[in-house]
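Structure first, commentary second.
Since we're looking at a predicted model, the values are computed, not measured. Per chain, numbering begins at 1; letters A, B, ... match sequence-line order.
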2 protein chains.
Amino acid sequence: MKTDFEHFKHELSLTKAEICRQLYVQHTDMIRIKKEHVAVKNLIRIIDSTLRLASTKGFHAMTLRDLCADSGFSIGGLYAYIRNKNDLLVLIQGHGFMLTRSTLRKSIRDISDPFERLRAAVSAHLFLSEIMLPWFYFSFMEVKSLPKAEMKTAIAVEQEIEDIFFDIIESGVRQGVFRSNNARLLASMIKAMMQDWYLKRRKHRNQSISVSQYADFIIDMLACSLKVSRS
Amino acid sequence: MKTDFEHFKHELSLTKAEICRQLYVQHTDMIRIKKEHVAVKNLIRIIDSTLRLASTKGFHAMTLRDLCADSGFSIGGLYAYIRNKNDLLVLIQGHGFMLTRSTLRKSIRDISDPFERLRAAVSAHLFLSEIMLPWFYFSFMEVKSLPKAEMKTAIAVEQEIEDIFFDIIESGVRQGVFRSNNARLLASMIKAMMQDWYLKRRKHRNQSISVSQYADFIIDMLACSLKVSRS
DNA sequence: GTCTATAGCATGATAGAC
DNA sequence: GTCTATCATGCTATAGAC
């Protein structure tokens, strides 16, 4: 039998190639390579290496020479795909956020019961971050290094995601299904617990906690905080 | 009337000078200055500047020239206090952790009731991070940049702090005061919520949430999760 | 004990061959 | 489209005057 997570993974069917193809189309201005299949193939290598290196030593500490050594590119070759180091940051950041937003919205679209909406949103966020772990870690750590404009959008998208949780709680309260005296703060806490999953992934792995267990635990905590009586 | 936070702040009476004096004594090997009062005075300037710069642009992006400009030192003068840039990292890191551990242990030392212990530990952690915000933010962000040995201790101390929460919960369960089916994960979540306070300080400021309100909210959530009946 | 001056080097970025 | 060779910059770290 398929677990929820496996089901989610299959539904999403998010191949690296697909993501990178979207990235390519969005950024034809900064990428000098014209043939899509060549560009996409190499973007995968570049982004993979960047995420790997940045998550161990940090983006700023990673030099383009490190990146070349890891990805097998030459400096010159790399510069056909980015105009400068910051482009790398923007390239990776923007896409991760877009994906989170759309996945989360889709996950609750067809559900009306407030508690089930909450469960769906929490699971979707956790499952997505599990699949795209390096992306999430990178996004969190590097917001502060973004150019001002990109930082503003990054913060706005994060707020928007928190608002998804907030709206679910609020509407549940209005319907009399939830009891909560501070929906705003509870939404914040949900976000914090989502973050803990990908920021402290190693700790949870050491304690042998699966993403499904983690999701269940959080949903139980929320049920209890919102005083939902459950079967 | 004094709030809990003001009371804590007064009890701690943690002056920058005292912290820096301890730092000086611990690191006489790397600091070339012999007169304590001179060294301490200048360490305050250096550490203040480092924390300020690192929390906006990140430690790696901060150059020693930035640091000199901000602290009013010359490059040569600075190098009397550190042997290299990494020393700065180690200097600041180690002390923050020591302080957290000792404060937390002290906060619960004279309390026996499990729920009150939990409340005390949560409050102490939040209040401390409120006072030492730049220190906490820096510690979290820069663990990955530490030399291997220092990283190991950093992770161990973090685990130790989580264990404080874990032990309180476990002993409460044994005494029949708490009901919990996963003390380990709950302790993890407490830690995550502690982190959210200092990592997302700006967000909470925008939403006009005080540290006392935040503490109360978390303690309520925990009471509910642990099924503590409260007056 | 603090400064100025500078060595020595690694980095991001470019030009041009293939 | 990718590579090698090279530039200019700006960094950490040191030496030595005051």
Legend entry - Straight-line distance of A/L12 CG to A/K9 NZ, nearest 0.5 Å: 10.5 Å

Legend entry - Whether over 12 other heavy atoms sit under 6.0 Å from A/K144 NZ: yes

Inset, instruction - Identify, residue by residue, the members of residues 60-68 of chain B with a heavy atom below 4.0 Å from DNA chain D, and return them in order of residue number, or none. - result: B/T63, B/L64, B/R65

Inset, instruction - Count the heavy atoms belonging to other residues, nucleotides or ligands that lie under 6.0 Å from CG of A/D4, then report whether that count exceeds 12. - result: no

Legend entry - CG (A/D48) with more than 12 external heavy atoms under 6.0 Å: yes

Inset, instruction - Quick one: closest heavy-atom pair of A/L89 and A/S145, and the distance? - result: CD2-O, 3.5 Å

Legend entry - Interface residues of residues 41-57 of chain B with DNA chain D (non-hydrogen, below 4.0 angstrom): none

Legend entry - Presence of salt bridge, B/R45 and B/D70, under 4.0 angstrom: no

Legend entry - Side-chain heavy-atom pair B/N42, B/S71 within 4.5 angstrom cut-off: no

In residues 156-164 of chain B, what donor-acceptor pairs under 3.5 Å come from side-chain atoms, sequence neighbours left out?
residue: B/E158; atom: OE1; partner: A/K200; partner atom: NZ; Å: 3.0
residue: B/E158; atom: OE1; partner: B/K191; partner atom: NZ; Å: 3.3
residue: B/E158; atom: OE2; partner: A/K200; partner atom: NZ; Å: 3.3
residue: B/Q159; atom: NE2; partner: B/D163; partner atom: OD1; Å: 3.2
residue: B/E160; atom: OE1; partner: B/R101; partner atom: NH1; Å: 2.6
residue: B/E160; atom: OE2; partner: B/R105; partner atom: NH2; Å: 3.1
residue: B/E162; atom: OE1; partner: A/K203; partner atom: NZ; Å: 2.6
residue: B/E162; atom: OE2; partner: B/S188; partner atom: OG; Å: 3.4
residue: B/D163; atom: OD1; partner: B/R184; partner atom: NH2; Å: 2.7

Legend entry - Within 6.0 Å of NE2 in A/H60, more than 12 heavy atoms from elsewhere: no

Legend entry - Any B/R83 side-chain heavy atom under 4.5 Å of B/Y79 side chain: no

Inset, instruction - Could you grab the distance from atom CG of A/L126 to atom CH2 of A/W197, nearest 0.5 Å is fine? - result: 7.5 Å

Legend entry - DNA chain C contacts made by residues 73-92 of chain A, counting heavy atoms under 4.0 Å: A/I75, A/Y79, A/N84, A/K85

Inset, instruction - Output the residues of residues 18-33 of chain A in contact with DNA chain D, where contact means a heavy atom of the residue under 4.0 Å from an atom of the strand; sort by number or write none. - result: A/I33

Legend entry - Span of DNA chain D in contact with chain A (heavy atoms, under 4.0 Å): D/dG1 to D/dT4

Inset, instruction - Could you tell me whether A/F5 and A/F127 have their ring centroids closer than 6.0 angstrom? - result: yes

Inset, instruction - Working to the nearest 0.5 Å, report the span between OG1 of B/T100 and CZ of B/F136. - result: 3.5 Å

Legend entry - Heavy-atom pair with the smallest gap, counting every atom of A/D66 and A/A61: OD2-O, 4.0 Å

Inset, instruction - Using the six-membered ring wherever Trp is involved, compare the ring planes of B/H95 and B/W135 and label them parallel, tilted or perpendicular (cut-offs 30° and 60°). - result: tilted

